[in-house]
Amino acid sequence: MLEIYNTLSRKKEPFKTIEPGKVSLYVCGMTVYDYCHVGHARVMVVFDTVVRYLRASDYDVTYVRNITDIDDKIIARANENGESITALTERCIGYMNEDSDALGVIRPDREPKATEHIEQIVTMINRLIEKDHAYAANGDVYYKVNSFEHYGKLSGKNIEDLRSGERVAIDEAKNDPLDFVLWKAAKPNEPGWDSPWGVGRPGWHIECSAMSTCELGNNFDIHGGGQDLQFPHHENEIAQSEGATGEHFANYWMHNGFVRVDDEKMSKSLGNFFTIRDVLKRYPAEVIRYFILTSQYRSPLNYSDDHLDNAKSALTRLYTALRGIKANEVADGGEYEQRFRTAMDDDFNTPVALSVLFDLTRELNANRNDQNKAAELAGILKRLSNILGLLANDPEQFLRGEAEQGDASLSTEQVQKYIEQRILARQQKDWEESDRLRDLLTEQGIILEDNAEGTSWRRK
RNA sequence: GGCUGAAUGGCAGAGUGGUGAUGUAGCGGCCUGCAAAGCCGUGUACCCCGGUUCGAUUCCGGGUUCAGCCUCCA
């Protein structure tokens, strides 16, 4: 039985869906004005893995991840670049898709955009005004935080605490500093949409309330996102959605931990971020995915080359085991699968799930000579790995990688040529020449492995 | 200041009231012409101080340190 840690209760809870066999999942996605960084990669990979596992557990999942394509930063960046907002956001959505495809992330079923839901947003704001949860002032509309009884239930804050914090900027238009904006009047030269309160644009929080309820209904199963969205974004979403619909909003709230650099949160404002595409220049995409899965999704994840190197070695071990073995299609992974599922049922414990893969790998390596058994074990390994979105590549392709862009590295053909020369030398027991050739290749980052069938190679 | 959460072996990272995580690195052995890969073996790890208990890394209390949120952020 699957248990999910619910931020609302701060406990693991048995997962019960609203409709039997069906899961509705909404995840807060990207604000598109730049390249995605490794922090974004984590959200994408984590929830992709959640979806894969739910599907592998026979749930019919509807996965919605929104795209924020209108906001202050987008407007500012478009102005800086001297391009239209749409040009900027479309370009960045393209980058995002490239990055997520590389990471083996299956596209969400729906990716609603804020700008395509203005009507629903306006409707929701209207309803909030009707219910006296919101008020208009000078073309803006604000949410009346005080009017929502359960405000703070997600983040564990209460209104008193928030007041004593008082770091909230003072804004004359607001009746109360805690109130937040639902609709923002457009300043001159800013884009906007017509509304009952004049030309303007939606506040950040309202789009997710409108889009999630519109796509999945007033009450749905899981709402996810990064930990930093817990407050105020998700807290405000609850206030808006439950205020407007009068129904319970999301049942389970899942928040993934941060990616850190030197024990500090990776973030745009700190400027300590690495974009996915930069990292992809130095490591295979699957290594990044593996690295993300080495820690449980709620834990912090320290980004460093050492850790990526480690991930690469580990993944190499898995692929090495699969090399040269024809995997059977298996419908059930037996005991290994049970252990794997027990781990994943425990709030998606991917580190333990991975450890099952390594136990399996050890048995596979020890039984390479027994063709049937090896094929069976390889089949299980592939089956379970695929649930995590791993080991989908051809082993040789992963191990040999691609020749670096730099001229220095040898092409596959060149490597083969040296290997053939070395085979001749070895046949003549010319160990000196044989070792010379091997050293030469080692210097080029090519590692040779002699075995019964001949010589295989991989890139370091 | 308020509110979260975390501290595990060289590094990473699970977990548990009393025997094995797992990966990586190291060491020894087997295999190999030698290697590599693989297999086997190998680690007095659980922040500190109290308490509960026959027994605590695991439960409780206190402390220390670290991170996050309270302002845009996945």
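Order of the sequence lines sets the chain letters (A, B, ...), proteins ahead of strands, with each chain counted from 1.
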Exercise. Mind checking A:Gly29 for me? I need base, sugar-phosphate or nothing, with any heavy atom below 4.0 Å counting as a touch.
Key: sugar-phosphate

Practice problem: Round to the nearest Å and state the distance from A:Asn365 atom CG to B:A36 atom C1'. | Solution: 14 Å

Quiz prompt | Closest non-hydrogen atom pair between A:Cys208 and A:Asn66, with its separation | solution = SG-ND2, 3.9 Å

Quiz item: Checking only heavy atoms, does the side chain of A:Ser155 share a donor-acceptor pair with the base of B:C69 at less than 3.5 Å?
Solution: no

Exercise. Could you tell me whether A:His37 contacts a base, only the sugar-phosphate backbone, or nothing, with contacts defined as non-hydrogen atoms closer than 4.0 Å?
Key: base

Quiz item: Any side-chain N or O of A:Arg163 less than 4.0 Å from the OP1 or OP2 oxygen of B:G1?
Solution: no

Quiz item: Side chain of A:Lys268, base of B:C73: donor and acceptor closer than 3.5 Å?
Solution: no

Self-check item: Selection: residues 39-49 of chain A, any non-hydrogen atom under 4.0 Å of RNA chain B
Solution: A:Gly39, A:His40, A:Val43

Self-check item: Atom-to-atom span, CG of A:Leu308 to P of B:G13 - whole angstrom
Solution: 12 Å

Quiz item: If we ignore angles and hydrogens, is there a donor and acceptor under 3.5 Å between the side chains of A:Thr455 and A:Asp450?
Solution: yes

Quiz prompt | salt bridge (Lys or Arg N to Asp or Glu O under 4.0 Å) partners for A:Glu83, two or more places apart | solution = A:Arg91

Exercise. Determine which bases of RNA chain B form Watson-Crick or G-U wobble pairs with both distances under 3.5 Å, and write the result as a 5' to 3' dot-bracket string with | for other-strand partners.
Key: (((((((..(((.....[...))).(((((.......)))))....(((((..]....))))))))))))....

Quiz item: Where the side chain of A:Asp359 is defined as all heavy atoms beyond and including C-beta, which of B:U22, B:A36, B:A74 is the nearest nucleotide?
Solution: B:U22

Quiz item: Does A:Arg65 place a side-chain N or O at less than 4.0 Å from the phosphate oxygens OP1/OP2 of B:A74?
Solution: no

Quiz item: Heavy-atom contacts under 4.0 Å between residues 341-355 of chain A and RNA chain B, which residues?
Solution: A:Asn349, A:Pro351, A:Val352, A:Ser355

Exercise. Give me the ring orientation class for A:Tyr151 and A:Phe231: parallel if the planes are under 30° apart, tilted from 30 to 60°, perpendicular past 60°.
Key: perpendicular

Quiz item: On RNA chain B, nearest-nucleotide positions of A:Phe358 versus A:Gly156: which is more 5'?
Solution: A:Gly156

Practice problem: Examine the base of B:C73 for any acceptor or donor lying under 3.5 Å from a partner atom in the side chain of A:Lys73, and report the outcome as yes or no. | Solution: no

Quiz item: Is there side-chain contact between A:Leu354 and A:Thr294, with at least one heavy-atom pair below 4.5 Å?
Solution: yes

What protein N or O atoms touch nucleotides 6-9 of chain B N or O atoms at under 3.5 angstrom, if any, and at what distances?
none

Quiz prompt | Any A:Lys312 side-chain nitrogen or oxygen under 4.0 Å from OP1 or OP2 of B:U24 | solution = no

Exercise. Just call it for A:Asn310: base, sugar-phosphate, or nothing, with non-hydrogen atoms closer than 4.0 Å on any strand.
Key: base

Exercise. Whole angstrom is fine here: how far is it from CG in A:Asn302 over to P in B:G13?
Key: 7 Å

Quiz prompt | A:Arg323 vs B:A37: side-chain N/O to OP1/OP2 distance below 4.0 Å | solution = no

Exercise. Return yes if some donor-acceptor pair links the side-chain N/O of A:Arg260 with the main-chain N/O of A:Pro300 below 3.5 Å, else return no.
Key: no

Quiz item: Which letters describe nucleotides 29-34 of chain B, given B = protein heavy atom under 4.0 Å from base, S = only from sugar-phosphate, - = neither?
Solution: ----BB

